[in-house]
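Only one structure is covered here, and it is reproduced in the block below.
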Amino acid sequence: MKWVPPIMGGPAAAGGDGKAVVFKSKLKWVGLVGLVLSTFSLFTHFLLARYTAGTALSEYQSSITIFSWRPIFDTADLSTTSALQRRLWGPIRRLESLHPYANPRGAYPAPVLQTNGFIFVKIRGGFHEIRNSICDIVVVSRLLNATLVIPEIQSTTSSKGISTEFKSFAYLYNEDQFMSALSEDVKIVKTLPKNLKGSRRKKEIPSFKVSSTSSPYFYLHYVRPVLTRHSVVEIVISDGGCLQPVLPPNLEEHQRLRCRVAFHALRLRDEVQELATKILYRLRASGRPFIAYDPGMTRDALAYFGCAELFQDVHTELIQHKRAWMLKRGIVKGNLSVDSVEQRLNGLCPLMPEEVGIILRAYGYSRDTIIYVSGGEVFGGQKKLIPLHAMFENVVDRTLLSMPWELNKMYGREANLVDKSPKMSPPAKVETKVGAWKTSGPRPRPLPPPPARPKTYHIEGWWGWVAESDNEPESTVMELRTNAHKLLWEAIDYTICVEADVFIPGFDRDGKGNPNFASLVMGHRLYQSAASKTYRFDRKEIAKLLEEIRDQFYQANHTWITSVRRHLRRNLVDGLTKESTRSKPLSFLSFPVPECSCSKINSTKVSSHASSPSSNSQFPAALGAIHQCPSWMNGDMVSGPRGDESEEDLDEDDSSSIGLLFRQSSENREGGGEMSNKEDTQIEDQEELEGGER
């Protein structure tokens with residue numbers, strides 16, 4: 001019989017084990033209840049944060065804390081009724097009755113089902129050139145009674161590694177919106193029929209390389225016969241357009257078609273539009289208006305107009321290299337060396353950010369004004385923006401108002417083009433070398449060191465190549481992808497600039513001498529909200545004013561400030577005249593008036609103010625004959641301008657404001673509030689006095 005050892009403790013020990021099991025089960029229940037309560041508390045917190053209504057400032061702080069930009073405001077409140085605020089941010093009263101109206105106004109038949117053939121388009125260039133070209137090719141398709149295939153944007157098709165979710169046109173714009181918005185104008189398809197696709201692959205399709213000055217006669221007498229014969233033509237656009245900007249009077253409806261394409265059919269794809277809307281909300285969340293500033297300082301534009309000597313560093317060499325390349329290909333005429341100072345005084349060079357900052361401070365914008373800097377490239381680097389940052393505390397751009405994950409969502413899923421795995425030699429070879437070294441015989445005398453190697457630069461696509469070669473290196477795969485990303489960045493900047501309270505162009509020409517990104521923004525603002533403030537600088541006059549204080553750049557006197565304010569106020573309206581003669585002959589979208597606008601002014605009230613000097617010239621002569629808006633738009637008819645608040649009331653205010661122009665922020669925070677109130681009161685009194693005398 002086997003002996004069994006007795007249980008230590010007997011029944012008491014067994015009871016203790018039972019209690020331990022019960023205790024552990026209670027702990028599990030307590031932990032489970034705690035986990036449920038924590039989850040419920042967290043869920044309740046998110047609900048409160050999501051649906052609790054708060055002030056604009058609290059919403060602003062909660063939305064902006066994750067970004068590197070935190071706004072700094074010298075004053076807590078921003079009165080919208082003071083004379084100073086009306087001067088800085090208020091609408092242009094002489095243009096308040098101008099409204100967008102791009103609908104057909106005469107006989108305009110819908111496109112027929114049986115067309116003359118297909119037009120396949122390849123578009124090269126930057127954002128503003130693509131936008132111009134798309135509008136032109138739609139008008140050409142209407143003119144030729146052709147079926148338009150969705151245009152192919154070469155900047156995206158030539159880029160490797162970008163997302164395959166969005167191809168060509170769809171990388172930037174919404175294809176479905178484009179097709180539906182123009183269904184009553186042009187027949188549009190996404191791809192060529194199968195039989196014509198094969199001909200295109202074999203390069204059997206007739207092709208035309210057209211310029212931005214091609215006339216309707218050229219298309220009707222040279223392109224249309226080929227289109228009818230072959231049922232398809234390919235048009236290559238590399239000049240920023242394919243149809244002359246100014247069309248004959250009998251084609252005025254085609255000009256309005258350009259407006260419908262640019263301002264209604266071309267909608268950004270959802271991911272890009274969503275991020276642009278978020279950035280716009282973050283700019284406006286503080287409840288304050290903001291300025292959008294486009295420097296326009298690109299290497300191509302600086303080289304074309306000969307502005308190299310404005311930099312005095314390696315960027316001068318880069319600009320000269322680009323100008324030599326342009327001279328060789330006949331893009332620009334003249335000499336390689338150009339007097340940049342003379343070009344600047346003639347208004348042919350961009351205004352530097354420092355100069356723009358001085359002009360804005362002289363006009364009355366305070367240090368805490370929000371300024372959004374647009375443009376994917378400021379040639380010269382961020383150091384050129386340092387003076388602007390010193391004068392204004394809230395200078396931001398796209399990178400400060402967006403998160404990396406938001407940009408990645410906009411780009412879509414992209415291929416990894418960089419191999420980050422380290423390349424190591426096999427360990428066997430290393431062991432062989434070490435063994436051979438140990439078993440070798442006596443060492444010979446070492447050879448003298450080789451001559452020093454020339455210094456090399458490993459920075460691809462940047463200024464390192466200037467010291468090595470006269471030829472600019474080919475774009476790398478990463479640079480091609482970045483070029484595609486720049487289209488999206490400029491699309492975001494375009495949306496924000498159009499919606500800004502004030503827009504300031506630093507330059508309005510590109511690297512071919514044509515209207516650039518800023519010109520398209522000004523044209524869109526003139527169409528969509530003509531009364532919003534858009535400063536059209538006369539750069540020649542501004543350069544002359546800045547030369548007067550060149551030796552005392554930050555110590556302007558009262559007379560100079562008054563001259564600056566008078567110039568800016570006068571050019572809000574008079575600048576339209578120069579814009580119509582300079583930009584419209586080169587790009588219709590930069591000045592789509594009067595073809596795409598109408599007037600909603602009440603003629604009966606205007607006649608009652610006929611004796612008022614401001615009512616006699618309601619619109620500048622440059623706008624042409626403005627038609628009355630149709631009756632269905634007359635619900636909120638605008639009355640004539642008020643004589644006691646004429647736009648010519650200049651704020652030649654007190655000299656005490658001069659001392660506040662460039663004072664440091666610390667001084668502003670100590671006594672800025674009291675001085676600001678006093679300044680506003682004096683300006684308002686001055687305006688009321690001038691209005692009463694008139």
Side-chain angles (χ1 to χ4, degrees), residues 74-75 78-80 82-93 288-295 351-373 387-395 500-506 522 525 531-549 552-575 646-663 668 672 675-676 678-680 682-684 686-687 690:
D74 295 336
T75 56
L78 188 68
S79 174
T80 57
S82 66
L84 177 62
Q85 295 307 124
R86 290 199 305 270
R87 173 164 63 88
L88 298 180
W89 306 103
I92 305 172
R93 296 192 184 98
R288 291 174 175 249
F290 72 94
I291 296 174
Y293 163 52
D294 180 65
L351 293 174
M352 290 294 172
E354 181 182 18
E355 298 171 337
V356 172
I358 289 174
I359 294 298
L360 291 179
R361 293 300 304 276
Y363 195 65
Y365 290 100
S366 60
R367 284 182 58 86
D368 59 359
T369 301
I370 301 174
I371 299 180
Y372 179 87
V373 181
L388 186 65
H389 281 273
M391 284 182 269
F392 294 93
E393 297 170 323
N394 296 318
V395 178
D501 300 278
V502 173
F503 178 68
I504 297 173
M522 289 190 286
R525 290 171 64 88
S532 59
K533 273 193 166 55
T534 301
Y535 292 106
R536 294 172 172 84
F537 290 148
D538 183 346
R539 288 186 300 277
K540 185 175 182 179
E541 184 68 22
I542 291 292
K544 181 180 177 182
L545 288 171
L546 291 171
E547 281 299 310
E548 295 177 4
I549 60 167
Q552 297 177 338
F553 225 26
Y554 293 90
Q555 298 178 2
N557 55 40
H558 183 267
T559 303
W560 186 85
I561 292 175
T562 303
S563 300
V564 169
R565 293 182 177 181
R566 180 180 291 111
H567 170 78
L568 293 188
R569 177 64 67 87
R570 184 174 62 246
N571 273 273
L572 285 172
V573 177
D574 293 348
S646 174
E647 194 68 33
E648 284 79 14
D649 289 342
L650 293 173
D651 304 314
E652 300 181 9
D653 48 299
D654 61 302
S655 58
S656 64
S657 64
I658 299 173
L660 296 175
L661 282 177
F662 307 111
R663 186 171 294 179
N668 277 343
M675 292 297 294
S676 178
K678 179 180 178 182
E679 182 184 356
D680 286 356
Q682 291 177 345
I683 292 176
E684 192 167 358
Q686 181 73 13
E687 275 203 345
E690 292 178 357

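Note that this is a predicted model, so its numbers are computed, not measured.
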Q: Would you mind reporting whether Tyr293 and Pro353 have side-chain heavy atoms less than 4.5 Å apart?
A: yes
Q) Does the side chain of Tyr372 come within less than 4.5 Å of Phe503's, by heavy atoms? A) no
Q) Out of curiosity, Glu548 CD to Asn557 CG, how far, rounded to the nearest 0.5 Å? A) 8.5 Å
Q: Would you name the heavy atoms of Ser532 and Arg525 that are closest together and state the gap between them?
A: OG-NH2, 3.4 Å
Q: Measure from the ring center of Trp89 to the ring center of Phe290 and say whether it is less than 6.0 Å.
A: no
**Q.** Heavy-atom side-chain contact between Asn571 and Tyr535 under 4.5 Å
**A.** no
(Q) Given 3.5 Å as the limit, does a donor-acceptor pair link the side chain of Trp560 with the main chain of Leu545, or not? (A) yes
Q) CE of Met391 to CD1 of Ile371: how many Å apart, nearest 0.5 Å? A) 9.0 Å
Q) Does some side-chain heavy atom of Ile359 sit less than 4.5 Å from a side-chain heavy atom of Leu546? A) yes
Q | Shortest non-hydrogen contact between Leu88 and Val502, atoms and distance | A | O-CG2, 3.8 Å
Q.
I need the minimum non-hydrogen distance between Ile370 and Pro289, along with the two atoms involved.
A. CB-O, 4.3 Å
Q: May I ask you to test the Ile504-Leu360 pair for a side-chain heavy-atom distance under 4.5 Å?
A: yes
Q.
With rounding to the nearest 0.5 angstrom, report the CZ to CG distance, Arg367 to Asn394.
A. 9.5 Å
Q. Are any of the side-chain heavy atoms of Thr369 and Arg288 separated by less than 4.5 Å?
A. no
Q.
How long is the straight-line distance from CD1 of Ile561 back to CD1 of Ile358, given to the nearest 0.5 Å?
A. 11.0 Å
**Q.** Glu355 side chain vs Met352 backbone, donor-acceptor pair below 3.5 Å
**A.** yes
Q. Looking only at heavy atoms, which two atoms of Arg539 and Gly506 are closest? And how far apart?
A. CD-O, 3.9 Å
Q. What's the shortest heavy-atom distance between Ala362 and Arg565, and which atoms?
A. O-NE, 2.8 Å
Q: Determine whether Asp501 and Lys533 make a side-chain contact, defined as any pair of heavy atoms from C-beta on separated by less than 4.5 Å.
A: no
Q: I would like to know whether Gln555 and Ile549 meet side-chain contact (heavy atoms from CB on, under 4.5 Å); could you show each step before the answer?
A: CA-CA 8 Å; Gln555 298 178 2; Ile549 60 167; over 6 Å; no
Q. Does some side-chain heavy atom of Arg86 sit less than 4.5 Å from a side-chain heavy atom of Arg93?
A. yes
**Q.** Considering all heavy atoms, the nearest Val395-Leu388 contact
**A.** CG2-O, 3.9 Å
Q: Look up atom NE2 in His567 and atom CG in Leu572, then write down how far apart they are to the nearest 0.5 Å.
A: 9.5 Å
